[in-house]
Amino acid sequence: MFKQTIPAMTITKEIPSEQMRNLDLHQGDSLRVVAETDSTLLIQIVKAAIQPPKPTKGRAGDWARKYAGAAQGTETTEDVRMAHFQEKYGV
């Protein structure tokens, strides 16, 4: 005797957001009904992955990588660093 499996079915329903607000749901989150009783549903919420914000400021060594090898003749790295700060901050 062969065991027959029934394929999963996807159904999309609209529920007014006022009824779901206290669940802190956002676009991309998933809900799964885990258990059901006469008056309640136990649901599992899978939160969508949140991308970390991209840094808006340069990192500490950016100026060094940008100006690496830029010192000319008798210029020191300190001279190059100060020139960078003068250009960046108008000092």
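This one's a predicted model, so the numbers in the text were calculated from it and none came from an experiment.
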Practice problem: Assess whether side chain to side chain contact (heavy atoms under 4.5 Å, CB included) is satisfied between Leu23 and Asp29, documenting all intermediate values. | Solution: CA-CA 11 Å; Leu23 297 177; Asp29 294 349; over 6 Å; no

Quiz prompt | Same apolar cluster (I L V M F W Y, side chains within < 4.5 Å links), Ile43/Val46 | solution =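 In one cluster with Ile43: Val46, no.
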
Spacing of [atom1] belonging to [X] relative to [atom2] belonging to [Y], to within rounding of 0.5 Å:
{"X": "Gln44", "Y": "Leu41", "atom1": "CD", "atom2": "CG", "answer": "13.5 Å"}
{"X": "Leu25", "Y": "Ile15", "atom1": "CG", "atom2": "CD1", "answer": "9.5 Å"}
{"X": "Arg32", "Y": "Leu42", "atom1": "CZ", "atom2": "CG", "answer": "9.5 Å"}
{"X": "Gln86", "Y": "Lys88", "atom1": "CD", "atom2": "NZ", "answer": "14.0 Å"}

